[in-house]
Amino acid sequence: MSLPPRRYDLLIFDWDGTLSDSAQLIANAMQGAIATLNLPSRSDQQIRELIGLSLDEGMRRLFPELDAAEVMNLLGGYRRQWLSPTGGGMAEPPLFAGAKTALEELQDAGYLLAVATGKSRLGLDRSFRHFGDLQAKFMVTKTADQTAAKPNPLMLAEILGELGVSAERALMIGDTEYDAAMARAIGMPALGVACGVHDDARIRAAGAMAVINSVRELPEWLRSA
């Protein structure tokens with residue numbers, strides 16, 4: 001079934017918790033770092049709450065009692081191990097069921113697709129290598145170490161500028177309040193997905209117009225939007 005005339009021209013996706021089912025693997029990797037580096041203990045939930053932020057900002061919030069620069073220095077070597085393209089690091093999380101099919105359908109329907117993520121460029125490129133042709137579906141990808149991190153809306157502004165699309169004609173899709181808040185800050189509509197780390201009420205309170213179960217439902221939601 002073809003999609004009717006579009007309300008949006010550009011769909012911008014978060015990665016972790018939105019396209020990638022990565023939350024528990026990220027929590028496990030962080031717990032490994034905490035144990036190895038003798039950092040103060042934290043629960044999986046405390047770690048999951050910060051997924052979507054840049055690593056720097058996440059560590060400031062996770063360990064407010066410690067010097068942020070010192071924590072990042074300790075994490076540097078461990079982080080390189082997580083992201084190793086040759087193995088030995090964190091396994092690449094799978095995409096959520098139906099996510100790739102939905103992206104293909106949306107691309108075929110003429111939508112421009114982009115990524116705005118709290119991951120590093122090294123981390124996102126590692127994911128793209130794993131998933132083969134997935135990178136080619138996105139016109140622009142922005143990571144937290146290339147621009148201002150969420151919830152600052154700069155990465156969204158940069159995507160809009162590069163593609164020549166107005167904020168009103170773009171839709172941010174993400175699983176956290178950080179995604180919805182950065183979209184709201186720039187006057188961009190936002191849609192939440194419930195498969196990630198923040199609950200429906202929290203995403204809506206940050207500015208999302210609605211919350212769907214997963215990206216698999218996005219083509220159908222757009223047909224009725």
Side-chain angles (χ1 to χ4, degrees), residues 7-8 10-27 30 42-55 57-58 60-62 93-100 102-103 106 111 113-119 123-124 127 138 141-144 147-157 159-160 165 167-225:
R7 181 176 174 184
Y8 308 107
L10 170 62
L11 306 175
I12 305 175
F13 296 87
D14 170 55
W15 188 267
D16 290 314
T18 299
L19 294 174
S20 174
D21 188 5
S22 53
Q24 192 55 51
L25 280 174
I26 291 172
M30 190 64 221
R42 296 293 185 264
S43 69
D44 281 5
Q45 184 57 35
Q46 286 175 298
I47 295 168
R48 289 167 65 99
E49 282 287 310
L50 303 176
I51 293 172
L53 296 173
S54 68
L55 184 62
E57 179 60 23
R60 288 191 193 95
R61 298 190 187 195
L62 192 62
L95 299 179
F96 283 107
K100 186 175 182 182
L103 291 173
L106 295 166
Y111 285 98
L113 308 181
V115 170
T117 176
K119 295 174 78 69
L124 184 60
S127 296
F138 300 105
T141 62
K142 294 290 181 180
T143 61
T147 182
K150 302 174 185 180
N152 188 306
L154 181 59
M155 67 171 67
L156 295 184
I159 292 171
L160 295 176
V165 178
E168 296 78 13
R169 296 291 299 175
L171 178 68
M172 178 68 211
I173 302 104
D175 69 304
T176 69
E177 65 177 35
Y178 317 126
D179 300 306
M182 75 170 179
R184 181 174 61 185
I186 203 172
M188 181 185 295
L191 177 70
V193 291
C195 52
V197 297
H198 290 173
D199 63 34
D200 293 23
R202 187 169 174 181
I203 301 171
R204 288 176 186 271
M209 68 176 79
V211 178
I212 59 177
N213 288 323
S214 71
V215 167
R216 176 168 54 186
E217 299 179 0
L218 182 57
E220 182 60 34
W221 185 87
L222 288 166
R223 280 191 276 269
S224 60

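Rounding to the nearest 0.5 Å gives a distance of 3.5 Å between CD of Gln46 and OG of Ser43. One finds the CG atom of Leu156 at 5.5 Å from the CD1 atom of Ile186 (value rounded to the nearest 0.5 Å). Expressed to the nearest 0.5 Å, how far OG1 of Thr18 lies from CD1 of Ile12 amounts to 12.5 Å. Ile51 contributes atom CD1, which lies 10.0 Å from atom OG1 of Thr176 (distance to the nearest 0.5 angstrom). Annotation: the span from Asp175 atom CG to Ser214 atom OG amounts to 12.0 Å, rounded to 0.5 Å. Here CG of Leu191 is found 6.0 Å from CD1 of Ile173. Values are rounded to the nearest 0.5 Å.
Other residues, nucleotides and ligands contribute over 12 non-hydrogen atoms within 6.0 Å of the CZ atom of Arg204.
Side-chain atoms of Pro93 and Asp21, non-hydrogen and from C-beta on, never get closer than 4.5 Å to each other. Side-chain contact between Phe96 and Ser20 is absent, with no heavy atoms from C-beta onward closer than 4.5 Å. Looking at Leu11 and Leu222, their side chains come closer than 4.5 Å, going by heavy atoms from C-beta outward. Counting heavy atoms from C-beta on, the side chains of Pro189 and Glu168 never come closer than 4.5 Å. Here the side chains of Leu50 and Tyr178 are in contact, with some heavy-atom distance below 4.5 Å. Side-chain contact between Thr117 and Phe13 is absent, with no heavy-atom pair separated by less than 4.5 Å.
Across every non-hydrogen atom of Leu106 and Leu113, the tightest pair is CB-CD2, 4.3 Å. When every heavy atom of Leu53 is checked against every heavy atom of Gly58, the shortest pair comes out as CB-N, 4.3 Å. In this structure, Asp179 and Gly174 approach most closely via the heavy-atom pair OD2-CA, 3.4 Å. Contact detail for Gly196 and Arg48: the closest heavy-atom pair is O-NH2, 4.4 Å. Listed here is the closest heavy atom pair of Val215 and Ala102: O-CB, 3.5 Å. Of all the heavy atoms in Arg184 and Gly207, the pair that sits closest is NH1-N, 4.1 Å.
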For this session: Might you work through the salt bridge (charged side-chain N to carboxylate O under 4.0 Å, His left out) test for Arg42 and Glu49, ending with a clear yes or no?
Result: CA-CA 11 Å; Arg42 296 293 185 264; Glu49 282 287 310; over 6 Å; no
For this session: Could you give me the CA-CA distance, side-chain angles and deciding distance for Leu10 and Tyr111, then say whether side chain to side chain contact (heavy atoms under 4.5 Å, CB included) is met?
Result: CA-CA 6 Å; Leu10 170 62; Tyr111 285 98; over 6 Å; no
Exercise. Would Val193 and Val211 count as a side chain to side chain contact (heavy atoms under 4.5 Å, CB included) if you check the C-alpha gap in whole Å, the side-chain angles of each, and the deciding distance to 0.1 Å?
Worked result: CA-CA 5 Å; Val193 291; Val211 178; 5.7 Å; no
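A donor-acceptor contact shorter than 3.5 Å is absent between the side chain of Asn213 and the backbone of Ala194. Of the possible donor and acceptor atoms, one in the side chain of Lys150 sits under 3.5 Å from a partner among the backbone N and O of Ala116. Using modelled atom types, no side-chain atom of Arg202 and backbone atom of Glu177 make a donor-acceptor pair closer than 3.5 Å. Without hydrogens or angle criteria, Glu57 side chain to Ser54 main chain gives no donor-acceptor distance under 3.5 Å.
Of the listed residues (Val165, Leu160, Leu171), just one forms a side-chain contact (heavy atoms from CB on, under 4.5 Å) with Met188, and that residue is Leu160.
Ring pair Tyr8/Trp221 is parallel by interplanar angle, where below 30° counts as parallel and above 60° as perpendicular.
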